[in-house]
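Okay, so here's the structure we're looking at.
Chain A is the first sequence line, chain B the second, and so forth, proteins listed ahead of strands; every chain is numbered from 1. These figures come from a predicted structure and were not determined experimentally.
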Amino acid sequence: MHIYDSVQKTKLPFEPIRKGEASIYVCGPTVYDNAHLGHARSSLAFDLLSRTLKAFGYKVTMGKNFTDIDDKIIKKVEETGLSMEEVTSYYIARYIEEMAVLGVERADIEPKATESLQAIENMIQTLIDKDTAYVISTGDVYFDTSKDAHYGEISHQVGDDDDNQSRVTHTSEKRNPKDFALWKACKGEEDICFETAFSSGRPGWHIECSAMIEKHFTGDGHYSIDIHGGGADLLFPHHENEAAQSRCATGHELSKYWMHNGFVQINGEKMSKSLGNSFFLGDALKIYDGEILRYYLNCVHYRNDFNFSEEELQTAKKRLDKLYRLKKRVSPGKGSMPNKTFKQALLDAMGDDLNISIALAVIDEMVANSNDALDDNPKDKALKKRDFGKHYIYRYIAWIWGERTVLLFSDRCR
RNA sequence: GGAGCCAUCGCCAAGUUGGUAAGGCCGUAGAUUGCAAAUCUGCUAUUCACCAGUUCGAGUCUGGUUGGCUCCUCCA
């Protein structure tokens, strides 16, 4: 099994910190609105990773958080008049529901920021005690990036602070331009606040992931988890900041490997809220079957950007239909192990940093060969009726659908 | 201004360590079928944005050019 590490920018053999096990943490959504296709793609990419790892025999522990404290959520609360809990629980439920329709397996650990406040406070306090973080007059707490010698090594963003043309506005009390907020003190009385030793306020975005990972994963003293994943847009600053906080607070690295998925684009541009070109997953699911969307969104390698088009979606559907037709041609029965060559070809493809294109080509070839073989003796009804379940073609099919190892398809989707 | 990624058939898309271009869709010519559907077979890139270089040999390496995208602000 090889995976591409986006920090080292190269394909690496996957060597877990604990033999036979794989711990993955993926940055989940901020729950202030419905999930769009971009969320679906990220979710699907890491579902594929998890299933592939399982197919290779690893015991996978998957963690995916819900950011349920955030400026946008507070804004939504103000707009709707609902409580924060009402807003977030609604979107979390929708998210879980929609991902299930896509055949995404639930994460083993699904922490929420609101449930991790103690861990967050502890980590910030540790950083303050080490003078790696500092409290300013407003009560905000910042991380001092100059205290971390390795800051910038995740995203390879070099800090030319002098002629800094970046769009970040500098707060005067910050020690360094790149310092980021660990804790935001509340300003008005109506703000959503939590009491801590340093000030009453709420956590910054980056700290929650670090704190949750420390809380839920054990690690081995060198790394907390095997793989940290998320969208490519999270590499900087989010993951850079996470890595820095964890490194300074715990004394070891956060993750051994980092993986990032590409974007879903509309007409060549990243799908995002700010561009107003979002395609909501829920809307897509009203029109298209979950499995078709799953197949479609998965059929481009996870690291590449993905240009969404309904025309291409139809093409994907046709391709998937072929497999279903073959399935119809063979009667159901108990599937045993599939042809070794076929299985191995699929595992080889997926084991190479999830090379889905090769995997699909392998499946398509199997479909063509199988149809060919069935055409050769179409009149063999006895075989079909009596014992087709043992036919090798059936075994392919059964394996593809049956063991949940294969990736594109899920047992829910049939 | 800084940091990256990408550019392969009409469309989508593979192509670690350089050795002579997977697969799907569409199109097309057939086979099979009462018709249709389904299925099968053949054909469909001397060529990988462009220019130069390294090499016996480059889509794959180096330099440059052009075009597209992303990050540096919330973002999957």
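Candidate nucleotides B:A22, B:C40, B:A14 were compared by shortest atom distance to the side chain of A:A368, and B:C40 ranks first. When distances run from any side-chain atom of A:D364 to the nucleotides B:G24, B:A22, B:A76, the shortest one goes to B:G24. With B:C25, B:U39, B:A76 as the candidates, the nucleotide lying closest to the side chain of A:N371 is B:U39. Distance from the side chain of A:I358 is smallest for B:A14 among the nucleotides B:A14, B:G23, B:A38. Residue A:E312 places its side chain closer to B:C11 than to any other of B:A13, B:C11, B:C25.
Within a 6.0 Å sphere centred on NZ of A:K215, other residues, nucleotides and ligands contribute more than 12 heavy atoms.
Contact annotation for A:Q265: backbone-only contact, meaning every heavy-atom pair under 4.0 Å involves sugar-phosphate atoms and none involves a base. In this structure, A:G229 reaches neither bases nor backbone, as no heavy-atom distance under 4.0 Å exists between it and the strands shown. Within 4.0 Å of A:D70, counting heavy atoms only, lies no atom of the nucleic acid at all.
Counting heavy atoms from C-beta on, the side chains of A:N241 and A:F143 never come closer than 4.5 Å.
When only modelled atom types and interatomic distance are considered, A:D353 and A:Y302 share a side-chain donor-acceptor pair under 3.5 Å.
Using C1' as the reference atom, B:U39 and B:A49 are 40 Å apart when rounded to the nearest Å. B:A38 and B:C48 have their P atoms separated by 36 Å, with the value rounded to a whole Å. With both ends at atom C1', the span from B:C69 to B:G24 equals 25 Å, rounded to whole Å. When the P atom is used for both B:U62 and B:U16, the distance is 14 Å, rounded to whole Å.
Between A:F14 and A:Y257, the angle of the ring planes lies from 30° to 60°, which puts this pair in the tilted group.
One can find a donor-acceptor pair under 3.5 Å joining the base of B:C74 and the side-chain atoms of A:K72.
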